[in-house]
Amino acid sequence: MAEEKDQRYDPAVIEQKWQERWAANPRLYAAEPPTSSKPKYYVLEMLPYPSGQLHMGHVRNYAIGDALARQMWMRGYNVLHPMGWDAFGLPAENAALKNNTPPRQWTLGNIAAMKRQMQRIGYSYDWATEITTCLPDYYRWNQWFFLRMYEKGLVYRKKSKVNWCPECATVLANEQVVDGCCWRHEETKVEQRDVEQWFLRTTAYAQELLDGLDKLEGWPEKVRTMQRNWIGRSEGTEVDFFLATDDIVAGSTDAPAVFSPKPDTVRIRVFTTRIDTIFGATSVQLAPEHPLVTFFASADAALKAQVDMLLAEQKKAREAGDVGAIEKHGVPTGKFAVNPYNGERVPIWVANYVLMEYGTGAIMSVPAHDERDFEFARKYGIEIREVIQPAEDSVQNENGAKLLPFLSEEGILVNSGQYNGLPCAEAQKRLQEVAARSAFGEGKIIFRLKDWGVSRQRYWGTPIPMIHCERDGVVPVPYDKLPVILPEKIEITQQGGSPLARVPEFVNVTCPKCGGPARRETDTMDTFVDSSWYFYRYTDAHNDKAPFDPAKVQYWFPIDQYIGGVEHAILHLIYSRFWTKVMRDLGMVKNDEPATRLFTQGMVIKDGAKMSKSKGNVVSPDDMVARYGADATRMYALFAAPPDRDLDWQEDGVAGVSRFLGRVWRIVTRHAPIARGAGSAQPSSKTQEGGAPLRRKLHQTIAKITLDFEGRWHFNTCVAAIMELVNELQDADARLSAGEIPAPVVRELLTTLVLLLAPFAPFLAAELWEELGGEGAILNAPWPKSDPGLAREDEIEIPVQINGKLVSVVRVAAGADSKTTEAAALADGKVKARTAGKAVVKVIVVPGRAVNLVVK
RNA sequence: GCCUGGAUGGCGAAAUUGGCAGACGCAGCGGACUUAAAAUCCGCAGGCCUUAACCGGCCGUGGGGGUUCAAGUCCCCCUCCGGGCACCA
């Protein structure tokens, strides 16, 4: 009975043994210093939020990175493979409310638990470089960066409309609003409030962030496209309409080339990408929040009432999240604007679809050549005037009438005075020049990207190192007073505003400038600040003089491979790129971008839906590990689907992988004595050995897996290839036992199998490596090399088709030429039977691939 | 609306350059071992038709067209599903 049990693969025993051994050797996964003679390789997985337990998405993400890191070690690289904790954030405060546990205690407890899980799963992290963003030795550098950026003019304060989540009782970044609701409370509608906020000037780098995307060839095109759209560059013209006063005469038929207003005329600046259509502008539309609207309304109670309604509508729509869906509404102001190019008077409207925060908050409305303007003009009976003659007739319907609006820029100008006949592109250039020369406009590039609001009215975050003095205004905390420590004795309540404001010892300070009484800033930083530069800190995690040593960063950066979820494609990855560029301009780093290659893995789903508590389809990694072992769990995560696709979790599949690992264990342990007996003898030339087909399969497998690690990363097929190899070994089991395969070949087969398995199932690989008498840690054993001579097939099968349909398969020598292949195909019995009495019109031979006979 | 990714057996998937569709695994079925079960090992396995069986035939990668000796793969049109952005002037 006991003997039988010994015959069984027992991951619990093996994994515990190796976990203990690895824990006893903390330098195992440590990177060598920059003086290393090995080439460097920095592989990084996105650091988790310490929620308390790993989920399957983490397990998968880290299994991918771990396989890569281990393989790179075996290939002789100096690997940096760190891990840390994105430890600030709201859940800690929520937990404090719920369980009456201090946020720090809750967070650190979670970190300890998750670290245990990671170690149990056997990820190859160098824990000596671990970082925890909620500890002062980390967040002090957030404050340091904030001050440096403040000096550089990249930090400013402004009152602005912000997204307010009533649930969190705090401000959210634009990026944290999802469909009008809070990203953490999907059911809670976000309100708009005016709050004084700290901003980072991300827009200063808008163009560079955009241009940089073209060079990031190692990033998924999807992510680059998403970022391009997010940055949203628009090239166009800003142009001033003039507020018409009584002494301005309506445009006459022979309008002046350029209208000259009186010097004190009020200007209404609009932004357009289609200045070439300006002669078709039949109204000017203002955003309801536009200052001029406020001015008009102040003298017109009826207008004010209508504008207030528009505002209320907009607010409601914004809170509902379907801003685009509300019906286009407008109110005429009764005022007129004058087109600067021809002096034409057009009515000024207030429209609910014009956004104050984009462009100038005012537009010229050209119904004939813009979808929204068209819809609006139709609704209110505003004139629709065509000013572009399309190049083709494609915009006509069957009756020959033009389909409006006509948006294409393929055409020439009409009804546009002296500009008639110009192609659109040419007209844009000319009209822009005229505007600039006459000082009523200019070419302009605008971005949708906004500055990054980093203030949070929350406790559990990095304190913003600023002081408010009645006399001196805003005064930065001096560098030598950093860090501003987040107080720990604090009462977390559900009341709005910052909890820090209720801690007098924290708030009341003396002004660094005048020494008078002052108040400390009580807002904390967005947690995205923490994650914008954490990967630099890993290179020098214990530096207490600076965020990092630039020399170390220069050695390790850019990150060679960054791996994480696609949900961070925009926020985290744009902020990180911004931060890198700022640090470069501060002279701290030399690289322009944080990471050369980015890999976004797919989601882990179950029963067709993303795992979530509410759906009740969450699979706990702990359960899986307890039942099938860490090796089986992580290997299944790599086997069930290619890493970039969604993975459907099927527990039976984990059991299958576990069975497979058991088979490996049995085969290797059964024949290990033969392998060990071979000593260091090398297999002799293949012609003398019975093991040639097995060696062929082995070397084909090495080649396949090695190639996949080069970038395709279809680890599912890597695992499948190992399974095929094991199946062949299994088939040869009797011959192995009978000693029909030379011992050196057995040794080669088994040790190589174990080496190939090492990135995917590190515990079992380590165990079997030891069993086979392998020297040192398998992590430092060289990755096997495929011998093409041994991998080559002697004979290959060639499908033979007749008129494209498979008829037979013939065997020919590998490398056979067209003639030989054709002869073999024509000599085949089935082929002969099919072609008897018919004319073979044509024979297509693709050597090594296929033969196709065209037969009549 | 715009930008993306995807659709292949009962299920997860494979086919990297157009060349035997379904590797590998799960579930299933049959057998060996066992008093029995578990575990393990061996085998079968896309669908339909035909046959006692072997053999054989036809169909088949979301739908429709096309290019090609040859299409899961390339081109055009369409449907459905996922992700991102969205009154952006």
Side-chain angles (χ1 to χ4, degrees), chain A residues 4 7-9 179 220-230 232-234 236 270-274 285 314 317 322-328 351-355 357-366 370-373 375-376 446-448 566-567 569-570 600 602-603 605 608 610 636 639-642 644-657 659-660 662-663 666 704 707-708 711-712 714 716-724 726-727 730-731 733 797-809 841-846 848-855:
Chain A
E4 251 178 40
Q7 297 289 318
R8 210 169 270 189
Y9 164 59
D179 291 336
E221 191 51 52
K222 178 186 181 179
V223 171
R224 295 199 278 167
T225 306
M226 280 162 73
Q227 292 207 358
R228 275 189 199 104
N229 293 340
W230 189 262
R233 184 181 191 271
S234 242
V270 305
F271 175 77
T272 176
T273 52
R274 292 298 304 276
Q285 308 280 347
Q314 232 179 18
D322 54 352
V323 181
I326 59 167
E327 213 190 320
K328 287 165 191 44
N352 65 349
Y353 67 93
V354 180
L355 306 171
E357 57 272 16
Y358 184 78
T360 59
I363 62 163
M364 64 178 205
S365 179
V366 184
D370 181 278
E371 295 276 1
R372 283 179 321 263
D373 294 348
E375 190 187 327
F376 193 85
I446 61 173
F447 295 92
R448 280 171 47 205
V566 72
E567 66 272 19
I570 298 177
T600 52
M603 287 187 301
I605 58 175
K610 191 178 176 178
Y636 174 75
F639 175 62
D644 53 340
R645 280 226 242 158
D646 286 353
L647 182 156
D648 189 57
W649 195 270
Q650 297 185 353
E651 191 173 330
D652 286 338
V654 189
V657 171
R659 273 198 293 274
F660 165 73
R663 207 146 52 229
R666 278 188 298 277
K704 192 246 174 298
L707 181 67
D708 239 312
R712 201 176 76 128
H714 279 201
N716 54 331
T717 59
C718 291
V719 175
I722 296 174
M723 286 172 169
E724 284 184 49
V726 170
N727 287 346
Q730 181 86 262
D731 291 343
D733 195 56
E797 292 189 331
I798 302 288
V800 183
Q801 301 173 324
I802 292 181
N803 295 335
K805 280 203 172 171
L806 180 72
V807 167
S808 187
V809 175
V841 181
K842 199 175 171 188
V843 182
I844 295 115
V845 181
V846 186
R849 284 290 199 178
V851 176
N852 192 8
L853 310 177
V854 185
V855 171

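Side chains are part of it too, since the values below use all heavy atoms of this structure and drop only hydrogens, waters and symmetry mates. Below, chain A is the first sequence line, B the second, and so on; all start at residue 1.
Across the protein-nucleic acid pair, A/Asp648 atom CG and B/rG6 atom P stand 18 Å apart, rounded to whole Å. If you measure from atom CZ of A/Phe376 to atom C1' of B/rA89, you get 13 Å, rounded to the nearest angstrom. In this entry the distance linking CD of A/Gln801 with C1' of B/rA71 reads 11 Å, nearest Å. Taking atom CE of residue A/Met226 and atom C1' of nucleotide B/rC2, one finds them 14 Å apart after rounding to whole Å. Atom CZ in A/Phe639 sits about 11 Å away from atom P in B/rA13, given to the nearest Å. Rounded to an integer number of Å, the gap from A/Glu221 CD to B/rG5 P is 8 Å. Here B/rC20 presents its P atom at 10 Å from CD1 of A/Ile798, a figure rounded to the nearest Å. We find that CD1 of A/Ile844 is positioned 17 Å from P of B/rG18, with the value rounded to whole Å.
The base of B/rC20 sits with one of its N or O atoms less than 3.5 Å from a complementary donor or acceptor on the side chain of A/Glu797. A/Asn852 contributes a side-chain N or O that forms a donor-acceptor pair with the base of B/rC69 under 3.5 Å. Residue-to-nucleotide contacts include a donor-acceptor pair under 3.5 Å from the side chain of A/Arg849 to the base of B/rU17. Checked by distance alone, A/Lys328 brings a side-chain donor or acceptor within 3.5 Å of a matching partner on the base of B/rC87.
Remark: B/rG82 base-pairs with B/rU4. Criterion, Watson-Crick or G-U wobble with two distances under 3.5 Å.
Taking every side-chain heavy atom of A/Met723 into account, B/rG25 is the closest of B/rU40, B/rC85, B/rG25.
In terms of heavy atoms, A/Pro799 sits closest to A/Leu806 at CB-CD1, 3.7 Å.
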